[in-house]
Amino acid sequence: MISTKWLNRLILFSLYLAIIQMPAIYYYINGVLALFLLMLYLPMVAGLTIFLVVAVLRKPKTERATEHIMGLILTIFIGTWTMIFGESTIEKYEWLLRKDTRKDIVRRIKAGEIAADITRYGVYHLPIWYQPPISSSGNDISIEKTEQQTLTVEFFINRGFLDHYSAFLYTDDPGTIQTFDKEI
């Protein structure tokens, strides 16, 4: 039987994992890496949760602490909720809370303060490190300038698996705006 001290530590650790799992996945992991890490992570946390539920239920009723039961319920609720709804929730708050930062980046690109040095496939790495990253899995953005002096900047949300991605988009290109207006 597991000691109360270790049970407390493991429940706090599992609660910590439940709280940080979606921001960590959203900001730092994407694509194929996300698939492989989730294939490792989900069985690990499911096993830990089952182990803790069994450990709490095996304790005699006189030794079961309400804090252990509440901690497990809270951990299971937060962990399940963030896995199901976490990405869309973070995306909405990310849009609201960091809109001004993205506007500032666009302003700096227009002013020439941020030079677009190409790194790979039209993706540019911002010279300033934003914490958390301004784009999913890093501070990479896509910058497209045309001869007509229009600017399109994509801040990646999800880099995708093989051939798709999603992004917050800034553009002053009338053609791109018209295309999006037709689609939406």
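- With sequence neighbours excluded, no residue forms a side-chain hydrogen bond (donor to acceptor under 3.5 Å, both in side chains) with Thr80.
- A pairwise comparison of heavy atoms in Phe156 and Ala167 identifies CA-CB, 3.9 Å as the closest pair.
- In this structure, Val45 is a member of the same hydrophobic cluster as Ile73, with clusters built from ILVMFWY side-chain heavy atoms closer than 4.5 Å.
- Residue Ile90 is not grouped with residue Tyr16 when hydrophobic side chains (ILVMFWY) are merged at heavy-atom distances under 4.5 angstrom, including chains of intermediate members.
- Each of Ile76 and Ile78 belongs to its own hydrophobic cluster when Ile, Leu, Val, Met, Phe, Trp and Tyr are linked at side-chain heavy-atom distances under 4.5 angstrom.
- Residues Ile141 and Phe155 come closest through the heavy atom pair CG2-CD2, 3.5 Å.
- Here the shortest heavy-atom pairing between Pro174 and Thr150 reads CD-CG2, 4.2 Å.
- Taken from CG in Leu15 to CE in Met70, the straight-line distance is 11.5 Å, to the nearest 0.5 Å.
- Side-chain contact between Phe168 and Glu94 is present, with heavy atoms from C-beta onward closer than 4.5 Å.
- The one candidate from Ile177, Ile143, Asp172, Asp173 that meets the side-chain contact (heavy atoms from CB on, under 4.5 Å) condition with Thr152 is Asp173.
- Using a 4.5 Å cut-off between side-chain heavy atoms of Ile, Leu, Val, Met, Phe, Trp and Tyr, Trp81 falls into a hydrophobic cluster with Ile84, Phe85.
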Q.
Using side chain to side chain contact (heavy atoms under 4.5 Å, CB included), reason through Leu48 and Phe13 one step at a time and then give a plain yes or no.
A. CA-CA 10 Å; Leu48 177 62; Phe13 177 69; 4.0 Å; yes
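- Considering every non-hydrogen atom in both Gln21 and Ala18, the closest pair reads CG-O, 3.6 Å.
- Screening residues 46-76 for ring-ring contact (aromatic ring centres under 6.0 Å, His included) gives no qualifying pairs among residues at least two apart or on separate chains.
- Note that OG1 of Thr49 and CD1 of Ile11 are 10.0 Å apart. Values are rounded to the nearest 0.5 Å.
- Rounded to the nearest 0.5 Å, atoms OG1 (Thr171) and CD (Glu154) are 9.0 Å apart.
- The hydrophobic clustering, which links ILVMFWY residues whose side-chain heavy atoms are closer than 4.5 Å, places Leu42 and Met22 together.
- Once rounded to the nearest 0.5 Å, the distance linking OH of Tyr170 with CD1 of Ile109 reads 10.0 Å.
- Minimum heavy-atom separation, Ala55 to Leu7: CB-CD1, 4.1 Å.
- A distance of 7.5 Å separates CD1 in Ile105 from CZ in Arg102, rounded to the nearest 0.5 Å.
- Atoms CE and CG, from Met83 and Leu38 in turn, are 5.5 Å apart once rounded to the nearest 0.5 Å.
- Here the closest heavy-atom approach between residue Pro23 and residue Ile19 is recorded as CD-O, 3.6 Å.
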**Q.** Residues Asp104, Arg107; criterion side chain to side chain contact (heavy atoms under 4.5 Å, CB included); working and verdict
**A.** CA-CA 5 Å; Asp104 183 55; Arg107 180 195 60 76; 2.8 Å; yes
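- Neither Ile69 nor Leu74 shares a network with the other; the hydrophobic side chains, linked directly or stepwise wherever heavy atoms of I, L, V, M, F, W or Y lie under 4.5 Å apart, form separate groups for each.
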